[in-house]
Structure formats: C-alpha cells, structure tokens
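Step one of this worksheet: look at the structure below.
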Amino acid sequence: MQQILDDIAAEMAQEIDRGKVADYIPQLAHVDPNQFGIAVATPDGQLYSAGDADTLFSIQSISKVFTLTIGLGTLGNALWTHVGREPSGDPFNSIMMLEHESGRPRNPFINAGAIAVVDAIMMGHEPKETLAEILQFVHFIADDDSIRFDHKVAASEMAHKDRNASLAHFMKSFGRLKHEVDKVLGVYFHQCSIAMNCEQLARAGLFLVSNGVNQHTNARVISSQRSRRINSLMMMCGHYDGSGEFAYQVGLPGKSGVGGGILTIAPGKGSIAVWSPGLDHIGNSKLGLKALERLVEKTGWSVFSD
Ligand code: DON
C-alpha cells in the first residue's frame with residue numbers, strides 16, 4: 001500500500017491541469033493548488049500516507065457525512081421527514097428542486113439538505129452547544145482531540161452567505177426550518193470550516209469501513225445497518241451531479257468538499273482520504289478523483305467486485 005500511495009503522489013506531482021481552487025469562499029481562494037495528499041487507514045490499525053497528507057485543509061462538505069450520522073443518531077428515521085435520500089442530479093447549491101418539492105431537500109449532502117440536517121440536530125439548543133457536539137463527535141471518530149474549526153473560513157462564508165441564505169429562507173418559507181436562518185447558517189458554516197489533514201480524515205472514516213465499528217479504537221459508533229445506509233447515500237449523492245461519474249470511475253462510496261478533499265470508503269478494506277485543492281467544473285477535486293481512479297485500479301477495491 002505504501003508503494004501504491006508513493007507512486008500515485010509522484011504521478012499527481014507531474015499533473016499540469018490541476019483544476020481551479022474554489023474562490024466563492026474568499027478564504028479558500030488563497031490555498032496553493034500545487035498540493036496533493038493521500039492517506040489510507042485500514043481496519044488492522046495501519047495508516048499509510050503520501051504527499052501533503054499532514055497538511056490541514058478545509059473539509060467543507062465532507063462534514064455533511066458527520067452531521068448526517070449525528071442526525072440519524074439523534075432523530076433516527078424521523079430525520080427523513082426533514083430531508084430526502086434521492087440523488088439530485090443538480091449542482092450542490094441549486095435551488096431548483098426545492099420549489100418542486102415543497103422545500104424538502106432531495107438529500108443530506110446538497111447544501112439545502114445539510115442545512116436542514118443542522119436545523120434538525122439543533123433541536124432548540126444554542127448554536128454553540130450544537131457546534132460542541134459536532135466537534136466532539138469528530139474527535140471521537142478520528143481519535144484526535146486536536147481537530148478544530150477554522151473561524152476565519154467560517155467568517156468568510158458568513159460574509160458571502162447569499163446563496164446558502166437563499167436556500168435556507170426558501171426552506172423556511174415552507175415551514176421546514178425551526179430555527180432562525182442566521183443561527184442555522186452559523187452552525188453550518190462552522191461545520192464546513194473544520195480543518196483536518198488526510199491522515200485524520202482517513203481515520204475518521206474508519207467506522208464506515210467495518211460495519212459501524214472503528215477498529216482502530218474498538219468503539220462502536222453506529223449500527224451496521226446505519227453504516228451500510230450512510231455508505232449508500234455517499235455512493236448515490238456524495239458528489240452531487242458528479243455522483244454517477246464517481247460511481248462509474250471509482251465504484252466506492254465517497255464524499256467531496258470544495259476544499260478539495262474526498263473521503264472514500266472501501267467497505268472491509270480501508271478508509272481513503274485524498275486532497276488536492278483544484279476543482280473540476282462540478283466542484284469536486286480534480287486530482288482527488290484521478291488519484292482515486294489510480295488507487296482502485298491498483299488495489300481492485302470496489303463495492304461491485306470482491
Ligand atoms: O456551503 C458551501 O457552499 C460550502 N460550505 C460547502 C460546499 C461544498 O463543499 C460542495 N462540495 N463539493
């Protein structure tokens with residue numbers, strides 16, 4: 001595995017077309033696109049990494065996997081009255097379907113869906129309490145208490161909140177959000193601002209590799225049924241309107257973020273975190289996708305074969 005990751009990192013270092021760094025969040029526009037990191041955590045407790053795997057980056061929408069897990073833990077199946085579980089086929093920040101479907105977002109990974117999940121898990125709590133709960137959960141699954149919010153990134157998003165605020169107000173007009181829009185957005189922007197490196201993120205995904213148990217810490221995080229279901233959602237919706245392409249090229253559940261990270265789960269085999277800040281036209285990491293294609297070619301990992 002170490003050789004495979006070293007080869008992939010060396011190959012990615014040669015790439016000229018690295019995509020375009022997200023600039024609609026000004027704080028992310030400053031990130032150097034010439035970076036690439038990859039890490040794989042395996043159920044036997046090993047961690048392999050290459051490239052810039054210990055450089056912190058903004059996990060952005062990857063955090064939606066964690067808040068979905070918290071939401072299902074808190075509300076159980078009642079969460080599905082707040083949000084659907086169908087692929088949208090639309091960009092991550094699209095408002096179109098919301099009008100057709102009475103303000104109920106298609107799935108928990110598009111922005112509207114993640115905002116609805118945050119509103120659901122707030123349940124009358126102050127934003128600070130919900131943020132503490134989210135960070136504590138991330139510490140628990142990553143087995144690392146050093147992970148923090150990046151308040152500058154969160155503030156940068158709040159200052160450029162127009163699109164997400166529109167989604168939230170639109171949902172609220174259908175009676176779908178219980179809390180004040182700015183309070184919900186404050187939590188949502190902070191969850192997206194969490195800074196992690198590939199090694200931490202690969203560890204954080206381990207509970208989805210082994211039927212809900214993090215085999216590094218031996219802690220059961222969720223039931224095996226829930227782990228399967230979260231993986232299904234990642235497969236169908238984790239890359240927005242690029243989910244079909246990701247399933248075709250990589251064949252594993254994955255969740256991307258506009259910071260350029262992708263968390264990918266190979267059930268029973270490993271949790272893969274890859275990061276390169278340049279994005280494709282959909283908003284998913286360009287080299288991240290390429291590196292994952294190489295990894296599955298070399299390992300044969302896929303949910304469609306054994
Ligand atoms: O709300 C936003 O637009 C960002 N905080 C998250 C979007 C994102 O990561 C989309 N993923 N590729």
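Counting starts at 1 for both ligands and their atoms, in listed order. Computed from a predicted structure; not experimentally measured. Hydrogens, waters and symmetry mates are skipped; everything else that's a heavy atom, side chains included, is used.
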**Request:** Could you check atom 11 (N) of ligand 1 against the protein and tell me its nearest heavy-atom contact, residue, atom and distance included?
**Result:**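 Its nearest protein heavy-atom neighbour is Tyr240 OH, 3.1 Å.
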**Item:** Top protein contact for atom 1 (O) of ligand 1, by heavy-atom distance
**Value:**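 For atom 1 (O) of ligand 1, the nearest protein heavy atom is Tyr188 OH, 2.6 Å.
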What part of [X] sits under 4.0 Å from ligand 1 if we count only heavy atoms: the side chain, the backbone, both or neither?
| X | result |
| --- | --- |
| Phe189 | neither |
| Asn111 | side chain |
| Arg163 | neither |

**Message:** Whether Lys161 engages the ring of Phe189 as a cation-pi pair (distance to the six-membered ring centre under 6.0 angstrom, angle to the ring normal within 45°) should be assessed.
**Reply:**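 Judged by the rule, Lys161 and Phe189 form no cation-pi pair.
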**Asked** Between Tyr24 and ligand 1, is there a nitrogen or oxygen pair with a distance under 3.5 Å?
**Response**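 Yes - when backbone and side-chain N and O of Tyr24 are compared with those of ligand 1, one distance drops under 3.5 Å.
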Atom indices of ligand 1, in the order listed, that fall short of 4.0 Å to a heavy atom of [X]:
| X | value |
| --- | --- |
| Gln60 | 4 (C), 5 (N), 6 (C), 9 (O) |
| Asn164 | 1 (O), 2 (C), 3 (O) |
| Cys192 | 5 (N) |
| Phe92 | 3 (O), 7 (C), 10 (C) |
| Ser61 | 6 (C), 7 (C), 8 (C), 9 (O), 10 (C), 11 (N) |
| Gly283 | 12 (N) |

**Prompt:** Do you know which of Asn284, Asp280, Thr264 makes side chain to side chain donor-acceptor pair (under 3.5 Å) with Ser256?
**Reply:**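 Testing Ser256 for a side chain to side chain donor-acceptor pair (under 3.5 Å) against Asn284, Asp280, Thr264 leaves exactly one candidate, Asn284.
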**Message:** Which residue in the set His100, Glu101, Glu86 passes side chain to side chain donor-acceptor pair (under 3.5 Å) when paired with Arg106?
**Reply:**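 Answer after filtering His100, Glu101, Glu86: Glu101.
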**Request:** For a side-chain contact (heavy atoms from CB on, under 4.5 Å) with Val153, tell me which candidate from Met158, Gln27, His190 qualifies.
**Result:**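 Per the side-chain contact (heavy atoms from CB on, under 4.5 Å) rule, the option paired with Val153 is Gln27, out of Met158, Gln27, His190.
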**Message:** Parallel, tilted or perpendicular, judged at 30° and 60°: which one describes the rings of Phe57 and Trp275?
**Reply:**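 Aromatic pair Phe57/Trp275 classed parallel.
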**Item:** Parallel, tilted or perpendicular: ring planes of Phe246 versus His239, cut at 30 and 60 degrees
**Value:**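 Ring orientation of Phe246 relative to His239: parallel.
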**Check ion pair Asp144-Arg203 (N to O, under 4.0 angstrom)** =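 Salt bridge between Asp144 and Arg203, a charged N being under 4.0 Å from a carboxylate O: no.
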